[in-house]
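Worksheet: the structure to be examined is printed underneath.
Reminder, nothing fancy here: chain letters follow the sequence lines and each chain counts from 1.
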There are 2 protein chains.
Amino acid sequence: MSKTLTPRQREILKFISQHIDQHGFPPTRAELSKHFGFRSPNAAESHLRALDGKGVIQLERGRSRGISLTPLAGAHLPEPPRMELPLVGRVAAGSPVLAQENVEDALRVDPALFRPRPHYLLRVEGMSMRDAGILDGDLLAVHRTPEARDGQIVVARIEDEVTVKRFRRDGHRVQLLAENPDFAPIEVDLRHQALAIEGLGVGVIRHRLDA
Amino acid sequence: MSKTLTPRQREILKFISQHIDQHGFPPTRAELSKHFGFRSPNAAESHLRALDGKGVIQLERGRSRGISLTPLAGAHLPEPPRMELPLVGRVAAGSPVLAQENVEDALRVDPALFRPRPHYLLRVEGMSMRDAGILDGDLLAVHRTPEARDGQIVVARIEDEVTVKRFRRDGHRVQLLAENPDFAPIEVDLRHQALAIEGLGVGVIRHRLDA
DNA sequence: GCATTCACTGTATATATTTACAGTGAACCT
DNA sequence: AGGTTCACTGTAAATATATACAGTGAATGC
């Protein structure tokens, strides 16, 4: 649970981050004060203590420029072009796909490889998409969106179950098609059953080939 | 031409880099002196001036910890684990797979995702490996090695043609098997034909899914 | 044999930096 | 109306830090 920052604290944090980018080291209290127009270095000190208390920075006592950003800071900063994608394994029933408990790892794969840009990788279970070249254990790159068009490969949630299928819609009747003759299509009537599109499959990574 | 550093200067540079990694900011002269056992802060100062002069760091006068690494520093530091893999498209006849002319791009994919570690990505052409979930246009992560065992997916070169197939060997008779009944196995007699194993397929990346 | 470079010691000092303490005023909650 | 939080002012002082100047000794190049 990342505690929320005040708007002012966000500005301070942003400046610290920028200063590190530009100079290679964090600012002093005086430099912070100069930038924000504080007449007292204590204004900066107080902000730093607050940011430290909220866990987004870490202060080292007695050392000049003893400020470092913690991983928590990332959540409050205009995010730098991400180089990692979270890997989601089995999705616990009822939890959001990207809930902490579902995230197994972060893989260093450039999201720019895929279009549209994926938000996470989902480990595929089962062979229902075999003929689309998506096999058991493959990682599906998923772009989060609730919209899907006919023929797209979607990550869908039906009654708390998350599944990967090809999408087809006809009015309030939706078909989720497997790409494997051994699996029957799933038919959903939107008037009677809940169906949520979690996202679109935009790519596949297979990180082991069996002999 | 990056000027060469003395061994001692390399040590200093390495320590500065490590300090930044660990603390988020560069060391002071005193901290450098403490680490290296200097009894005078001027020993550190001199080293910093030298490193500045050689362009691997940049000093900001009058500011505590006013040290930043320049791009030149990278050449003198133990290189950070590579994050990119070259993408090889169509391989020109007779040229090494990784020849400049065959490399189309460098993709930011962590090689550590795959085992053993791949050396490049090869764009697969054709559907001969369809039933192994390797489709036309897929990128095959390839680990360079001339050794292959039965059942492994290999990148092979026969008479200047590069192809991806499943490997099977029986004495001096090698079979290269497609994973698609529409394609006949390729039979090679090592006594009469040249066969080179370029590498092993260790993973697949599909960066577009068609609707 | 002498100049040069490298890697330091030793001392000193101005100044950069952190950090404590004592307040103020506005906004918000109840 | 009173308490709390937020965002500051203002002052002071200890101490952390950069940096100048004057040396030493060993190794290297010519």
remark   = When rounded to the nearest 0.5 Å, the distance separating CG of L200(B) from CG of L140(B) is 9.5 Å
task = Let me know the distance between CG of L48(B) and P of dC6(C), rounded to the nearest Å.
result = 15 Å
Close side-chain approach of V142(A) to F114(A), heavy-atom, < 4.5 Å = no
query = Heavy-atom distance under 4.5 Å between the side chains of M129(B) and I153(B), does that happen here?
reply = yes
request  = Check whether any side-chain heavy atom of V91(A) lies under 4.5 Å from a side-chain heavy atom of L122(A), and answer yes or no.
outcome  = yes
query = Below 4.5 Å, heavy atoms only, C-beta onward: do L139(B) and L107(B) meet side chain to side chain?
reply = yes
ask   = Restricting to pairs with a member in residues 123-135 of chain A, which pass side chain to side chain donor-acceptor pair (under 3.5 Å), not counting sequence neighbours?
value = R90(A)-E125(A), E104(A)-R123(A), S128(A)-K165(A)
task = Using the test ring pair (Phe, Tyr, Trp, His ring centres under 6.0 Å), find all partners of F25(B) that sit at least two apart in sequence or belong to another chain.
result = H19(B), H23(B)
query = Side chains of I16(B) and E31(B): closer than 4.5 Å at any heavy-atom pair?
reply = no
Residues which pass salt bridge (charged side-chain N to carboxylate O under 4.0 Å, His left out) with R191(B), listed by chain and number, not counting sequence neighbours = D189(B)
request  = Measure the distance from CD on Q9(B) to C1' on dT5(C) and round it to the nearest whole Å.
outcome  = 11 Å
query = Got a sec, which pairs hit salt bridge (Lys or Arg N to Asp or Glu O under 4.0 Å) with one end in residues 132-149 of chain B, sequence neighbours left out?
reply = D138(B)-R206(B)
query = Just how far is it from atom OG of S46(B) to atom CD of Q9(B), taken to the nearest 0.5 Å?
reply = 10.5 Å
key: Contact residues, residues 10-40 of chain B to DNA chain D [heavy atom, < 4.0 Å]   = T28(B), R29(B)
task = Mind checking ring pair (Phe, Tyr, Trp, His ring centres under 6.0 Å) for F183(A) and listing every partner two or more places apart, or none if nothing turns up?
result = none
ask   = Can you name the residues that form a side chain to side chain donor-acceptor pair (under 3.5 Å) with E187(A), not counting sequence neighbours?
value = R173(A), Q175(A)
note = On DNA chain C, more 5' by nearest nucleotide between P7(B) and E45(A) is P7(B)
remark   = Heavy atoms of L190(B) and L195(B) approach each other most closely as CD2-CB, 3.9 Å
query = Using a heavy-atom distance cut-off of less than 4.0 Å, which residues of residues 59-68 of chain B contact DNA chain D?
reply = R61(B), G62(B), R63(B), S64(B), R65(B)
task = Kindly state each residue pair satisfying ring pair (Phe, Tyr, Trp, His ring centres under 6.0 Å) with at least one member in residues 132-159 of chain A, sequence neighbours excluded.
result = H119(A)-H143(A)
request  = Estimate the overall bend of the helix from dG1(C)-dC30(D) to dT30(C)-dA1(D) from the end axes over five pairs each, rounded to 10 degrees.
outcome  = 40°
Every protein N/O lying under 3.5 Å from an N/O of nucleotides 26-30 of chain C:
none

Nucleotides bounding contact with chain B, strand DNA chain D, heavy-atom threshold 4.0 Å = dT17(D) to dA22(D)
